[in-house]
Amino acid sequence: MTALGSRRGGFPGRRGGSRGGGPLGGEGRWALLFLAPTLVGLAVLSAGPVLATLAISLTKWDLLQAPQLVALANFVQLASDDRFLKALRNTAFYTVVSVPLGMLISLFLALALNQTIRGIAWIRTAYFLPVVTSTIAIALVWQWIYSPDSGLLNQFIGIFGIAPQKWLSNATLAMPAIVAMSVWQGLGTNIIIFLAGLQAIPTDLLDAASVDGAGRWARFRNVVLPLLTPSIFFTGILSLIGSFQVFDQVFVLSRPRPTEATITVVYFIYENGFKFFKMGYATAASWILFIIVAVLTAIYFRSQNRWVHYQ
């Protein structure tokens, strides 16, 4: 029996022997077969263009003539380009303000919406509507709100005797105005994620803390907040990456052209690539943005071991 059993296990074509044949045997081959279209698509449609932009960033190319190799000249020029440096500062300001502000407001609203009252589903849907609405349409509405002549915001502050403001042309107010619109639009996504995290917290833990005499704030700080850290981490990474990609709001609200107070890195890339046809210069800027986002994302991921608590 021992010899027969060893003989049966030695045939690689047998069903029992294929299970230990490594990733290319049996189910592994089928998995690769089904994954092949996606892997080919990623390689051709994602990895290929990314590598192509790296090559283009080393050239001077206007889409009409053949590219001319300039090596790192585009990157050197960007380091001394005042408009690009201001775009970096504006993007950093937008990220530092919009990400924590949006997460705090979303968390507060998620706690308020985590109730079992009548009509709560419709209220949650109302908060999510801006997410599925076109950014251009929302920006046009906010452009009317910020109108210096008959804007809703100026009419509101006029009740308190405050003079009308030029929200989108004032160098001090323009970027905060864009941040306010972006935070409002992104609330729905963050609220849904926080709501999912809140509803996944076992009620037994909250009841036990309440029996032990913990008040509402103590239950939130010692029970809810630690168990909500995975949702906070996920929301933070989405908000961080999205904040560096802000474009639509600036494109619409800052017409006809963003000033130095509102230009962002993505708009700088669009402007140089599709207005001035400096494709090499634009792709060099996009690679700098990619490196910044990749480094910050890596640091953020490394930090989760210190403060994210998984059940």
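- Checked against T264 for a side-chain contact (heavy atoms from CB on, under 4.5 Å), the options I178, V246, T95 give a single hit: V246.
- When all heavy atoms of G102 and N190 are compared, the closest pair comes out as O-ND2, 4.0 Å.
- In the displayed structure, Q199 atom CD is contacted under 6.0 Å by more than 12 heavy atoms of other residues, nucleotides or ligands.
- There is no path of hydrophobic side-chain contacts, each under 4.5 Å, that joins I192 to Y127.
- When only modelled atom types and interatomic distance are considered, S182 and Y94 share a side-chain donor-acceptor pair under 3.5 Å.
- In this structure, the side chain of Y146 engages the main chain of A177 through a donor-acceptor pair within 3.5 Å.
- In this structure, CD1 in I191 is found 9.5 Å from CD1 in I105, a value given to the nearest 0.5 Å.
- Between T53 and V50, the shortest heavy-atom distance links the atoms OG1-O, 2.5 Å.
- A donor-acceptor pair under 3.5 Å is formed between the side chain of T91 and the backbone N or O of V265.
- Side chain of R219 to backbone of A209: no donor-acceptor contact under 3.5 angstrom is found.
- For CZ of F156, the number of neighbouring non-hydrogen atoms (other residues, nucleotides, ligands) closer than 6.0 Å is 12 at most.
- Closest heavy-atom contact between A110 and F194: CB-CB, 3.5 Å.
- Between the CE atom in M181 and the OG atom in S98 there is a gap of 11.5 Å [rounded to 0.5 Å].
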Please determine whether side-chain contact (heavy atoms from CB on, under 4.5 Å) holds for the pair I269 and F274, giving the CA-CA distance in whole Å, both sets of side-chain angles, and the decisive distance to 0.1 Å. CA-CA 8 Å; I269 296 170; F274 298 100; over 6 Å; no
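- When all heavy atoms of Q143 and V252 are compared, the closest pair comes out as NE2-O, 3.4 Å.
- Between F233 and F301, the distance from one ring center to the other falls under 6.0 angstrom.
- Using a distance-only test at 3.5 Å, with no hydrogens or angles considered, a donor-acceptor pair links the side chain of T283 to the main chain of G280.
- In terms of heavy-atom proximity, S57 sits nearest to N74 at O-ND2, 2.9 Å.
- The side-chain heavy atoms of D248 and S134, taken from C-beta on, include no pair separated by under 4.5 Å.
- The only member of L88, L289, L78 that meets side-chain contact (heavy atoms from CB on, under 4.5 Å) when paired with F268 is L78.
- Looking at every heavy atom in both residues, M175 comes nearest to A261 through CE-O, 3.7 Å.
- Residue L111 holds its CG atom at 7.5 Å from CG of L228, rounded to the nearest 0.5 Å.
- Under the 30°/60° scheme for interplanar angles, the aromatic rings of W287 and F290 are found to stand perpendicular.
- Using cut-offs of 30° and 60° on the angle between ring planes, the pair F251 and Y270 is perpendicular.
- Of the possible donor and acceptor atoms, one in the side chain of Q155 sits under 3.5 Å from a partner among the backbone N and O of S150.
- Here CZ of F234 is found 10.0 Å from OG of S239. Values are rounded to the nearest 0.5 Å.
- Cluster membership check: L113 does not share its hydrophobic cluster with V131, using side-chain heavy-atom separations under 4.5 Å among Ile, Leu, Val, Met, Phe, Trp and Tyr.
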Decide yes or no on side-chain contact (heavy atoms from CB on, under 4.5 Å) for I263 and N90, but give the supporting numbers first. CA-CA 7 Å; I263 185 174; N90 292 339; 3.8 Å; yes
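- N222 places a side-chain N or O within donor-acceptor distance of the main-chain N or O of A218, the cut-off being under 3.5 Å.
- With rounding to the nearest 0.5 angstrom, the CG atom of L168 is 9.5 Å from the CG atom of L173.
- Side chain of S303 to backbone of Y300: a donor-acceptor contact under 3.5 angstrom is found.
- The main-chain N or O of A66 is never found under 3.5 Å from a side-chain atom of Q68 such that the two would form a donor-acceptor pair.
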What verdict does the side-chain contact (heavy atoms from CB on, under 4.5 Å) test give for T297 and I237, after you've listed the backbone C-alpha separation in whole Å, the side-chain angles of each residue and the deciding distance to 0.1 Å? CA-CA 7 Å; T297 303; I237 199 67; 3.4 Å; yes
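- Interatomic distance, S169 OG to L253 CG, rounded to the nearest 0.5 Å: 12.0 Å.
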